[in-house]
Novice: 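Shown below is the structure under consideration.
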Amino acid sequence: MPEELEGLYYRGTLSPPAIEFASPQGKQLFTEALEGGTMEGFFKLISYYQTQSEINYCGIASLAMVFNALAIDPGRTWKGPWRWFDDTMLDSCEPLSKIKDEGISFAKVAYSAYCNGANVEAFRTNESSIDDFRRQNGNGHYSPIGGYHAGRDMVLILDVARFKYPPHWMPLTLLWEAMDTIDESTGQHRGFMVISRSHKAFVSSLMHSNGHEDLKKVAKYLIEDIPPRMKLKDIKGVENILSVLFKSAPVDLKDFIKCVAEFWRQEDAGVFSKQNRERRSIETN
């Protein structure tokens, strides 16, 4: 190896039981899974497969790939006249500089998906089971799952860290074990998400057209404008507080509150994920 390349890395080597997608065995698994009808999501996802642009962008790169596969309109341009999702556009809940240094939490990935117009079902491993995971044809470091081989109980991981690993098959049980660990940054279990295109008309205006500027206006209003007003006013009760809060409020405050409320609803109440599991039980019984 040339001296200037010492200490640098060129991709990783997959270790058994992982099976490279492009290998003869990987192709055989794909053929069998396709015939078994468990590869429905593969073709859309592979059409928009991308490599994360930064080491810690796996979460937002996975979202960008899934959003494009679901044909969700970002409502703002990527480059030139084209509306398109890229991981560098997904900073609705964390500054990109922070994601670049620290990554992004499970809850904030779910929040970002919701605020960009997707339906999100998020399942932490301590609130679900490996059988719940096995039944999903959804999304799963962070990387999308491109398919499932029922006979071998293996999933196809479309790893967005393509500079490190190519797409590969992995035993579902091994993937579950990797997820069933604690994220030290949050103290909570990791998990998986099922993301789908929203059928609701609402898509947060914070993420449309000048969404970033709208978010800044709302943040400035709440952080800089409201506190001085609260000090100047003779606040007596909830009605006065609400009057101060909503008088001259930015037009996007309502959508901002909806996004924040949905985030905390998911985090504290049930999309993570007891209620989803109960609902699925009702639907299948």
Novice: Would you call Glu121 and Phe123 a side-chain contact if the rule is heavy atoms closer than 4.5 Å?
Specialist: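 Contact flag for Glu121/Phe123 side chains = yes.
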Novice: Using the salt bridge (charged side-chain N to carboxylate O under 4.0 Å, His left out) criterion, which residues pair with Glu54? Sequence neighbours excluded.
Specialist: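 For Glu54 the salt bridge (charged side-chain N to carboxylate O under 4.0 Å, His left out) partners, ignoring immediate neighbours, are Lys100.
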Novice: Rounded to the nearest 0.5 Å, what separates atom CZ in Arg124 from atom CE in Met193?
Specialist: 8.0 Å
Novice: Would you list the pairs meeting ring pair (Phe, Tyr, Trp, His ring centres under 6.0 Å) in which at least one residue belongs to residues 34-58, sequence neighbours left out?
Specialist: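 Every ring pair (Phe, Tyr, Trp, His ring centres under 6.0 Å) pair that includes a residue of residues 34-58, provided the two are not neighbours, is Phe21-Phe42, Phe30-Phe42, Tyr48-Trp84.
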Novice: Give the C-alpha distance, both sets of side-chain angles, the deciding distance and a yes or no for side-chain contact (heavy atoms from CB on, under 4.5 Å) between Leu70 and Ile195.
Specialist: CA-CA 9 Å; Leu70 292 171; Ile195 300 175; 4.1 Å; yes
Novice: Apply salt bridge (charged side-chain N to carboxylate O under 4.0 Å, His left out) to Lys27 and list each qualifying residue two or more places apart in sequence or on a separate chain.
Specialist: none
Novice: Would you check if Tyr148 and Leu156 make a side-chain contact, meaning some heavy-atom pair closer than 4.5 Å?
Specialist: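 Heavy-atom side-chain distance check fails, nothing below 4.5 Å.
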Novice: Please give me the minimum heavy-atom distance between Met170 and Ala18, naming the atom from each residue.
Specialist: CE-CB, 3.8 Å
Novice: State, with a plain yes or no, whether a side-chain heavy atom of Met65 is found less than 4.5 Å away from one of Val160.
Specialist: yes
Novice: Roughly how far, to the nearest 0.5 Å, is CD1 of Ile60 from OG of Ser53?
Specialist: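 The OG atom of Ser53 sits 6.5 Å away from the CD1 atom of Ile60.
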Novice: Can you name the side-chain contact (heavy atoms from CB on, under 4.5 Å) partners of Tyr165, sequence neighbours left out?
Specialist: Leu14, Asp159, His168
Novice: Can you name the nearest heavy-atom pair linking Ala118 to Ile72, along with the distance?
Specialist: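 Distance-wise, the nearest heavy atoms are CB-CD1, 3.9 Å.
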Novice: Among all residues two or more places apart in sequence or in another chain, which pass the side-chain contact (heavy atoms from CB on, under 4.5 Å) test with Ala64?
Specialist: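 Expected list: Gln50, Phe85, Leu90.
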Novice: Any chance you could measure Ser143, atom OG, to Leu45, atom CG, to the nearest 0.5 Å?
Specialist: 11.0 Å
Novice: If you define the side chain from C-beta out and look only at heavy atoms, does anything of Gln52 sit under 4.5 Å from Phe163?
Specialist: yes
Novice: Please report the interatomic distance CD1(Ile46) to CE(Met39), rounded to the nearest 0.5 Å.
Specialist: 8.5 Å
Novice: Report yes if the side chains of Asn68 and Val66 come closer than 4.5 Å at any heavy-atom pair, otherwise no.
Specialist: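 Asn68 does not reach Val66 side chain to side chain.
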Novice: Return each pair, listed once, that meets salt bridge (Lys or Arg N to Asp or Glu O under 4.0 Å) where at least one residue sits in residues 62-71; pairs must be two or more places apart or across chains.
Specialist: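 Counting only pairs at least two positions apart or across chains, no salt bridge (Lys or Arg N to Asp or Glu O under 4.0 Å) contact touches residues 62-71.
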Novice: Looking just at side-chain N and O atoms, do Thr88 and Asp86 make a donor-acceptor pair shorter than 3.5 Å?
Specialist: yes
Novice: Quick check: does any side chain N or O of Tyr142 sit under 3.5 Å from a backbone N or O of Phe106, one acting as donor and the other as acceptor?
Specialist: yes
Novice: Got Val155 and Leu175 here, is their nearest side-chain heavy-atom distance under 4.5 Å?
Specialist: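 Result yes, sub-4.5 Å side-chain heavy-atom pair found.
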Novice: Which atom pairs, donor and acceptor, lie under 3.5 Å between side-chain atoms of residues 176-186 and protein residues at least two apart or in another chain?
Specialist:
residue	atom	partner	partner atom	Å
Asp180	OD1	Thr125	OG1	2.8
Thr181	OG1	Ala178	O	3.0
Thr181	OG1	Arg190	NH1	2.8
Asp183	OD1	Ser185	N	3.0
Asp183	OD1	Ser185	OG	2.8
Asp183	OD2	Ser185	OG	3.3
Thr186	OG1	Gln188	N	3.3

Novice: With rounding to the nearest 0.5 Å, note down the distance linking OG in Ser112 to CD1 in Ile104.
Specialist: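 Taking OG in Ser112 and CD1 in Ile104, the distance rounds to 6.0 Å.
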Novice: Can you see which heavy atom on Val120 is nearest to which on Ala113, and at what distance?
Specialist: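 Looking at all heavy atoms of both residues, the shortest contact is CG2-CB, 3.5 Å.
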Novice: Salt bridge (charged side-chain N to carboxylate O under 4.0 Å, His left out) with Lys98: which residues, sequence neighbours excluded?
Specialist: Glu94
Novice: What closest approach, in Å, do Met89 and Pro74 show between heavy atoms, and which atom pair accounts for it?
Specialist: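 Between these two residues, the closest heavy atoms are CE-CB, 4.4 Å.
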Novice: Is any side-chain heavy atom of His149 closer than 4.5 Å to one of Trp169?
Specialist: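 Yes; the side chains approach each other to less than 4.5 Å.
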Novice: Does Thr173 have any side-chain contact (heavy atoms from CB on, under 4.5 Å) partners at least two apart in sequence or in another chain, and if so, which?
Specialist: Ile130, Arg134, Asp153, Pro171
Novice: State, with a plain yes or no, whether a side-chain heavy atom of Thr77 is found less than 4.5 Å away from one of Trp82.
Specialist: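 Heavy-atom side-chain distance check fails, nothing below 4.5 Å.
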Novice: Any chance you could measure Asp87, atom CG, to Leu63, atom CG, to the nearest 0.5 Å?
Specialist: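 It comes to 10.0 Å.
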Novice: Please name all residues satisfying side-chain hydrogen bond (donor to acceptor under 3.5 Å, both in side chains) with Thr31, sequence neighbours left out, ordered by chain then number.
Specialist: none
Novice: Against Ile19, only a single residue in Pro17, Pro16, Ser23 fulfils side-chain contact (heavy atoms from CB on, under 4.5 Å); can you say which?
Specialist: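 Filter result, single survivor: Ser23.
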Novice: Who pairs with Gln28 by side-chain contact (heavy atoms from CB on, under 4.5 Å), at least two apart in sequence or on another chain?
Specialist: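 Per chain and number, Gln28 pairs via side-chain contact (heavy atoms from CB on, under 4.5 Å) with Glu32.
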Novice: Taking side-chain hydrogen bond (donor to acceptor under 3.5 Å, both in side chains) as the test, write out the residues that go with Arg11, two or more places apart.
Specialist: none
